[in-house]
Amino acid sequence: MIWVAAVAAEIDRHEGPVGLVGHSGGGNVVWGAAAARPDRVARVVFVDTVPLTRSIPAQAPTSPVTLDDDRRFGVPVTLLMGSLDEAALRAELARWGPYAEEFAAIDDTTVVRLGTGHWPQFSAPAALARALVEAFAEDAPREDARA
């Protein structure tokens, strides 16, 4: 998929670990990029979407995403969901077959309910920004307080 290759190329242009954010149909792109470069991705944040193996919406890329590297399951994942809390998300995913299996295989997941609609970048940009900062702060290197 050309979108995944483009993100992987950007990862390669930078040194050190990177964080990826995907909203809606962009979730499959960032998850594919995490599978392509699992050793370089510190965290993937999904905004009102889940790790997809192919896109669902007709307007989004519909090519299957290549997910050959199981090390992707070791990349920490945060899901910033508009209206679903973790229990509701898991209940919904239970009906989604391969998507539920993909989600269940991830070692480290955090689900945060934003209390927004599908477009929090428009309806609650400050709340989304705070949630993104909090998600990536978990992975930030800490200075030794004794130094």
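For the numbers below, each heavy atom of this structure counts, side chains included, while hydrogens, waters and symmetry mates do not. These figures come from a predicted structure and were not determined experimentally.
The side chain to side chain donor-acceptor pair (under 3.5 Å) search around T49 returns none, not counting sequence neighbours. D69 pairs by the side chain to side chain donor-acceptor pair (under 3.5 Å) definition with R71, not counting sequence neighbours. Checked against salt bridge (Lys or Arg N to Asp or Glu O under 4.0 Å), E86 has the following partners two or more places apart in sequence or in another chain: R90. The side chain to side chain contact (heavy atoms under 4.5 Å, CB included) test applied to L84 returns M81, A88, L89, not counting sequence neighbours. Scanning for side chain to side chain contact (heavy atoms under 4.5 Å, CB included) contacts around V75 gives P38, V41, V44, with sequence neighbours left out. Every side chain to side chain contact (heavy atoms under 4.5 Å, CB included) that D70 has, sequence neighbours left out, goes to R72, F73. Remark: E10 pairs with R13 by the salt bridge (Lys or Arg N to Asp or Glu O under 4.0 Å) rule, at least two apart or across chains. Applying the salt bridge (Lys or Arg N to Asp or Glu O under 4.0 Å) criterion to D68, with sequence neighbours excluded, gives no partner residue.
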Stepwise side chain to side chain contact (heavy atoms under 4.5 Å, CB included) check, L20 with V7: CA-CA 9 Å; L20 302 176; V7 174; 4.1 Å; yes
CA sep, side-chain torsions, deciding dist, call: F136, T78, side chain to side chain contact (heavy atoms under 4.5 Å, CB included): CA-CA 9 Å; F136 288 113; T78 300; over 6 Å; no
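V29 and I2 fall within the same hydrophobic cluster, defined by Ile, Leu, Val, Met, Phe, Trp and Tyr side-chain heavy atoms under 4.5 Å apart, directly or through other members.
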Result block: side-chain N/O donor-acceptor pairs under 3.5 angstrom for residues 111-126, not counting sequence neighbours:
{"from": "R113", "atom 1": "NE", "to": "S83", "atom 2": "O", "distance (Å)": "3.0"}
{"from": "H118", "atom 1": "ND1", "to": "D48", "atom 2": "OD2", "distance (Å)": "2.6"}
{"from": "H118", "atom 1": "NE2", "to": "S24", "atom 2": "OG", "distance (Å)": "3.0"}
{"from": "S123", "atom 1": "OG", "to": "W119", "atom 2": "O", "distance (Å)": "3.3"}

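Here the side chains of F46 and V77 are in contact, with some heavy-atom distance below 4.5 Å.
Among residue pairs with one or both ends in residues 27-41, those qualifying as salt bridge (charged side-chain N to carboxylate O under 4.0 Å, His left out) are D12-R37; sequence neighbours excluded.
Expressed to the nearest 0.5 Å, how far CD of E134 lies from CG of L80 amounts to 9.5 Å.
Across all non-hydrogen atoms, the minimal contact from V30 to V21 is CG1-O, 3.4 Å. Contact between P51 and L79 at its shortest, heavy atoms only, is CD-CD2, 4.2 Å. Of all the heavy atoms in A42 and P76, the pair that sits closest is O-CD, 3.2 Å. Considering all non-hydrogen atoms of both residues, V45 and A135 come closest at CG2-CB, 3.9 Å.
For W31 and E102, the side-chain atoms include at least one donor-acceptor pair closer than 3.5 Å.
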